[in-house]
Amino acid sequence: MNKALIAALCSTTIMLAACGDNEDSEEQNDQANGEESTEANTEEQAEDMTAEEILTEAVAFYDDLDSLHVEREGSLNQEIDTPEQDEDMNDANVDMMTSDKQWQFQQEDGFYQRTEIGMNMVVNEEGEEEVEDEMPTSYSFTDSEDSACMITYEEGDNEAIRYENPLSEESLSFDMHRQEYEAILEDAELNLVGEETINGYDTYHIEADQDGEITEYWFDKDTFFEIKRTLDSSSESPDGEFSNEGGGIDTVVDYEVNPDFDASLFQVPEDIEVVDGEVDDTIG
């Protein structure tokens, strides 16, 4: 597969935090993820809670939170458009399956987070044979010696890159999750769809319509933690040469509220050398 296309895929698809789909594709992804999903029939089964009340409780989930551990699985389909004048590159369809583990801790000296991401891609590039590629697991975490810095490396690397976190100290907290839901409450038209069981969690299913763009959310009925959401992955590369359209689903497999802090999560293995760099050095 063309290396430039791989670079385009990385720059436009790995940012899954910015990743809707229709009901048919959602059902296919649910089956692929092995989810047990049972749809309830009416809003009356949701114990008379409104979508606004459910989302308000999702905001409150983060009020007294000190730490969180989450394991997720995701699926994503994208149509990649490449420059017409570039004869060496072709349009492509990409199916991605992701798995990630995340730890977040609010400590006195800062906000510590660790993310491990595994990814498998199936690429159908126009005029080429189908290619399946299992990407090496990537590791990214707060530097235990300086919470303003991050360290990133991939499985098999001999070096890890240490760089200053581009996010401001004010944005590094559980407030970033709370503020997202508060914005939805303020700007979106909300609809309670019903109840479903997702990976063993009984959930409320709601839809948020923002200017015609619909995102679906499923919240744990016990804690109001988000268990699942639809993703919009439509984007454009920084240079404007590549664009993609698509969507997918992000689903929680397991989570733990307020786990104990584990300092070893924020340390580099002894056989890996840490070198100073910039955030751009971690891309591509």
Nearest-0.5 Å distance, [atom1] of residue [X] to [atom2] of residue [Y]:
| X | Y | atom1 | atom2 | result |
| --- | --- | --- | --- | --- |
| I206 | E226 | CD1 | CD | 9.0 Å |
| L190 | E53 | CG | CD | 11.5 Å |
| Y217 | K228 | OH | NZ | 14.0 Å |
| D143 | Y163 | CG | OH | 11.0 Å |
| F225 | T203 | CZ | OG1 | 13.0 Å |
| T230 | E213 | OG1 | CD | 10.0 Å |

Hydrophobic clustering (ILVMFWY, side-chain heavy atoms < 4.5 Å, transitive) - are [Y] and [X] grouped together?
| X | Y | answer |
| --- | --- | --- |
| W218 | L68 | yes |
| V94 | V122 | no |
| V257 | Y204 | yes |
| M150 | L167 | no |

Could you check if a side-chain atom of [X] sits within less than 4.5 angstrom of a side-chain atom of [Y], using non-hydrogen atoms only?
| X | Y | answer |
| --- | --- | --- |
| D209 | N191 | no |
| M49 | F224 | yes |
| F61 | Y181 | no |
| T56 | L185 | yes |
| F105 | L265 | yes |
| Y201 | F219 | no |
| Q104 | M176 | yes |
| E216 | H205 | yes |

Of all the heavy-atom pairs spanning [X] and [Y], show the shortest one and how long it is.
| X | Y | value |
| --- | --- | --- |
| Y112 | Q107 | CD1-CG, 3.7 Å |
| E155 | P136 | O-CB, 3.7 Å |
| A183 | Q210 | O-NE2, 4.4 Å |
| I151 | A160 | CG2-CB, 3.7 Å |
| S147 | G110 | OG-CA, 3.9 Å |

Backbone N/O of [Y] and side chain of [X]: donor-acceptor pair under 3.5 Å:
| X | Y | value |
| --- | --- | --- |
| S144 | F266 | yes |
| D202 | T197 | no |
| N258 | D66 | yes |

For [X], look at atom [atom1] and say whether over 12 heavy atoms of other residues, nucleotides or ligands are found less than 6.0 Å away.
| X | atom1 | result |
| --- | --- | --- |
| E256 | CD | yes |
| E278 | CD | no |
| D63 | CG | yes |
| E130 | CD | yes |
| E164 | CD | no |

Set out, in order, the CA-CA distance, both residues' side-chain angles and the distance that settles side chain to side chain contact (heavy atoms under 4.5 Å, CB included) for V70 and V252, then state yes or no. CA-CA 7 Å; V70 186; V252 169; 3.9 Å; yes

Among F261, Y255, W103, find the residue that satisfies the ring pair (Phe, Tyr, Trp, His ring centres under 6.0 Å) test when tested with H69. W103

Run E159 and Y153 through side chain to side chain contact (heavy atoms under 4.5 Å, CB included) and show every step you take. CA-CA 7 Å; E159 290 184 343; Y153 66 95; over 6 Å; no

What verdict does the side chain to side chain contact (heavy atoms under 4.5 Å, CB included) test give for N77 and N93, after you've listed the backbone C-alpha separation in whole Å, the side-chain angles of each residue and the deciding distance to 0.1 Å? CA-CA 7 Å; N77 176 267; N93 175 273; 3.4 Å; yes

The test is salt bridge (Lys or Arg N to Asp or Glu O under 4.0 Å); show your working for R72 and D250 and say whether it passes. CA-CA 7 Å; R72 295 182 176 90; D250 189 39; 3.6 Å; yes

Assess the residue pair H177 and L65 against the criterion (side chain to side chain contact (heavy atoms under 4.5 Å, CB included)); give the C-alpha distance rounded to whole Å, side-chain angles, the decisive distance to 0.1 Å, and a yes or no. CA-CA 11 Å; H177 304 293; L65 194 64; over 6 Å; no

